[in-house]
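One structure is given here, and the rest of the page talks about it.
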Amino acid sequence: MKKKIIILCTCILFSCKTSQKDIIEKIKNDSTVQETKKLEMKSWHLKSFSEDSVPGVAIKKAYFNLIKKKKGQNVVIAFIDMAVDLDHEDFDGVFWNNFDEIPNNNIDDDGNGYIDDYYGWNFMGNIKGENNNYENHEFVRMVRYYKKIFRNKSIAGIKSNELKRKYKEYLAAKKMLEEKVAERHEYFESDSTYMVSLKKAIKKFASIIPRSEMTIENLDSIGELRNDLQKDIETLKWAVKYNYSVKNANDDVDTHRRYRDIYYNIDYDERKIMGDDSDNLNDNNYGNSLVDNNTDTISHGTAMVGILAACRKNNFGIKGIINNVKIMPIVAAGYGQAHDKELALAIRYAVDNGAQIINISIIKKFSVHKEWIFDAIKYAEKNDVLIVNGAGNDNENIDISRNFYPNDNDYYSNEISNNFMMVGGSSKNLNKNLKSSFSNYGKDNVDIFAPADSVYTTTVLNGYEFIRGTSIAAPIVTGIAALIKSYYPNLKAYEVKKILMDSGTPYDVMVNISRNRKKDSLVPFSSLSKSGKIVNAYNALLMAEEISKKRSK
C-alpha cells in the first residue's frame, strides 16, 4: 500500500482554491506528479504545489493572481557575496547606483570613506585595484589566532569561563584542521597516482584502439586477449564509465593542491594584498570599487543575483523573483571562507548606504570574531534592515553543533536580534527527499526552507546553468521579502520576517536526514526549522496586505 503524503495548504485570512482532498487525490491518481519536463525544470522553484504539483514558492501564482498591474516601489538589496558580472545580458537596469559618487575619478565625492563606490564596494582588494581571490577557511584562522594564547596549556589551567569556552573552540578547530589536512593529502596522493596511471594507459592504448571506440565492451574484449594490460584496462574503464579525462584528473589534483597550499595552510598570507590587520576592525582603509573583478572565473555572486533579479520581461534567459529592486553588490569573499571582518564591514556598508534587505549566501564553521558580526546584525536591526542567509550544506543539525556563522546566536547566547533569517534548502521531490540531501537544519536556528536543488540561474559571460546549495535558498527568500517591501513598504523588517515564516507551506511528510547513504533516518519535515515550512510568496503577499491594512487604519 502506497504511503499517503498529505499537504497542509496554509489558509491565513483567506481560503485555498485547491482543497486538501483534491491535492491528495491528485497525488494518488497522477503518477507523474513528481516528474517535470526539462523545460519546466528551469523554473520549478517558481511554481506552487496547489496549481503545479511542485513544492515551489508560488511566485508564478502570486504574479498572476495578486500582483498583475500593481506598481511597487524599488527595494535596495545588498548582496554580500563574491564578485558579480555587471554586464550579464539578464541584468539590465537591476544595479544600485550611488549617485552621490562620481565614478572613476579617484575621489571620495560623498565622503563615506569609500572612493568611487558607484555600484558598491569590494573588500577583497586594495586601493591599487589588486584583488585577492583566495583565503583560508575559518578553522585555520581560529588555530592561528589562538595557538599562541593556548600553547602548552590545558583546560585545568584556565580559570576564566570565557577562556575555557574559547579553548574548547580552539581544540575543535585544531582537530578539524588536522583531519582536513590528512583527508586532503589522501585525496591528493590518490588522484595524483590515478592521473599518472591514466596518462600511461592512454599513451599505451593509442596504437591499440582509437579513442572514439574506447568503450567498456571493447576494453573487455582486449582484456580477454591481453592479460598484461589488465591494470591499464581497469584504469581506462573507470575513466570511460565516469566520462573522466586527463584534464579532469589534472583539475582535481590542482584543487587538492589549492586546499593544501591555501585553504588549509596556516602559514598562507591571506592578507598580503589587502595589507591590513585582520584582527583589527578599525584598520579598514582597504578595498576598491571593482565589484566585478575576475568574473570570468568567479561565478557565485552572479548566480545569486540572477535567482533574485534576472529580468522577468525579456524573452530569454530566466525569470528572477522580482525586478522592482536595485542590487548593491558588496564583495566580501573569495575562494575559501569569508573573514568576520569583511562580513561585519559589509553589513555596515549596506546599512549606511540605504539597503533595506541584505542577502548573505555565505556560511562557515567557527568564527574568530563573532562579536563583530553580532554587533553588525544589531546595527542592521536598529536601522530596520532584514538579513537573510543560507543555512549551509553539511547536512548537520546546527542546533547541536551551533557553530555556523554568520548567525544571530551561537554556543552561548540566545537570538540577539529579530531581523535575521537562516534558510534551509528543499528540493522538488515531495517525498523523503524533500529536504535537500546537503542542507543543514535545526528547529531553533533555521527559520524556514526554500528551493535549493537543481535551480537554473545565471552564470558569468552571459551563461546559465543548474546549481545547488542553500546559497540559492537565501536569495529566493530575500526576493519574496523584497516583494513584500515593494508593495507594502510600511511593514518593518521584523514583520516581514514573521510574515514569511507564518505564511509558508507546511508539508506533512517524513524526510531523510541520514548521513549514511545506505540507511535512512526519517523525521517530520516540520521538525527541521522554526516555522516547519517552505516559503510561499502568494500566501506571504496576502498576509502582508492584511497586516498592512490594519497598520494603515
Side-chain angles (χ1 to χ4, degrees), residues 74-88 90-133 273-274 284-295 298-310 320 323 325-334 338-339 341-362 376 379-380 383 385-389 406 458 460 471 474-475 478-479 482:
N74 274 334
V75 179
V76 179
I77 302 177
F79 268 77
I80 298 176
D81 210 288
M82 299 172 82
V84 175
D85 184 356
L86 299 177
D87 297 321
H88 196 286
D90 228 353
F91 292 169
D92 186 33
V94 306
F95 291 106
W96 169 82
N97 299 132
N98 179 4
F99 291 114
D100 293 328
E101 190 78 23
I102 300 171
N104 304 319
N105 69 350
N106 202 32
I107 298 173
D108 181 14
D109 299 287
D110 61 358
N112 70 351
Y114 299 95
I115 297 172
D116 291 338
D117 60 324
Y118 187 72
Y119 292 108
W121 193 251
N122 170 25
F123 286 99
M124 293 299 293
N126 60 33
I127 56 175
K128 297 178 183 178
E130 299 170 324
N131 300 291
N132 180 27
N133 289 337
I273 288 177
M274 279 84 93
N284 54 18
N285 187 27
Y286 65 96
N288 56 55
S289 61
L290 303 175
V291 296
D292 58 346
N293 75 89
N294 297 311
T295 49
I298 296 177
S299 63
H300 190 270
T302 303
M304 298 306 105
V305 170
I307 287 167
L308 187 148
N323 285 154
V325 291
K326 291 298 177 182
I327 301 299
M328 180 193 298
I330 306 175
V331 182
H339 273 257
K341 182 175 182 178
E342 269 78 81
L343 291 171
L345 290 175
I347 291 171
R348 289 178 176 275
Y349 177 92
V351 174
D352 289 342
N353 286 278
Q356 295 158 279
I357 306 173
I358 298 173
N359 187 92
I360 310 176
S361 291
I362 294 171
Y379 183 67
N383 287 275
V385 178
L386 179 69
I387 301 176
V388 182
N389 193 23
T458 49
V460 297
S471 289
T478 297

Within the side chain of [X], is there an N or O that forms a donor-acceptor pair under 3.5 Å with the backbone of [Y]?
X	Y	result
K326	G93	yes
N323	A310	yes
T458	T302	yes
D109	I102	yes

Once side-chain hydrogen bond (donor to acceptor under 3.5 Å, both in side chains) is applied, do any residues pair with [X], and if so which ones, sequence neighbours excluded?
X	result
Q356	none
N122	N131, N288
D110	N98, N112
S361	N359

What distance do N104 atom CG and I115 atom CD1 have between them, rounded to the nearest 0.5 Å?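 So the gap between those two atoms works out to 12.0 Å.
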Nearest 0.5 Å please: distance from the CG atom of D292 over to the CG atom of L290.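 Going from the CG atom of D292 to the CG atom of L290 covers 6.5 Å.
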ring-ring contact (aromatic ring centres under 6.0 Å, His included) against H88, all qualifying residues, sequence neighbours excluded: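 Expected list: F91, Y464.
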Measure the shortest side-chain to side-chain distance between [X] and [Y] over non-hydrogen atoms and say whether it is less than 4.5 angstrom.
X	Y	result
Y114	F123	yes
Y119	P103	no
I330	L345	no
P329	F95	yes

Positive for side chain to side chain contact (heavy atoms under 4.5 Å, CB included) with V305, one of L86, D81, V84, I77: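 For V305, the side chain to side chain contact (heavy atoms under 4.5 Å, CB included) check succeeds only for V84.
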Criterion side chain to side chain contact (heavy atoms under 4.5 Å, CB included) against L308, the qualifying member of I327, V94, I357: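 By the side chain to side chain contact (heavy atoms under 4.5 Å, CB included) criterion, L308 pairs with just one of I327, V94, I357: I327.
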Is it true that D117 and Y349 share a donor-acceptor pair across their side chains at a distance under 3.5 Å?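 Yes, D117 and Y349 have a side-chain donor paired with an acceptor closer than 3.5 Å.
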For a quick check under 3.5 Å, do Y379 and D352 share a side-chain donor-acceptor pair by atom type?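 The answer is yes; a qualifying pair exists.
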Counting heavy atoms not belonging to D108, are there more than 12 under 6.0 Å from its CG?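 Atom CG in D108 is crowded, with more than 12 foreign heavy atoms closer than 6.0 Å.
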Quick one: side chain to side chain contact (heavy atoms under 4.5 Å, CB included) partners of A332, sequence neighbours excluded?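 Checked A332 against side chain to side chain contact (heavy atoms under 4.5 Å, CB included); matches are I80, E342, A346.
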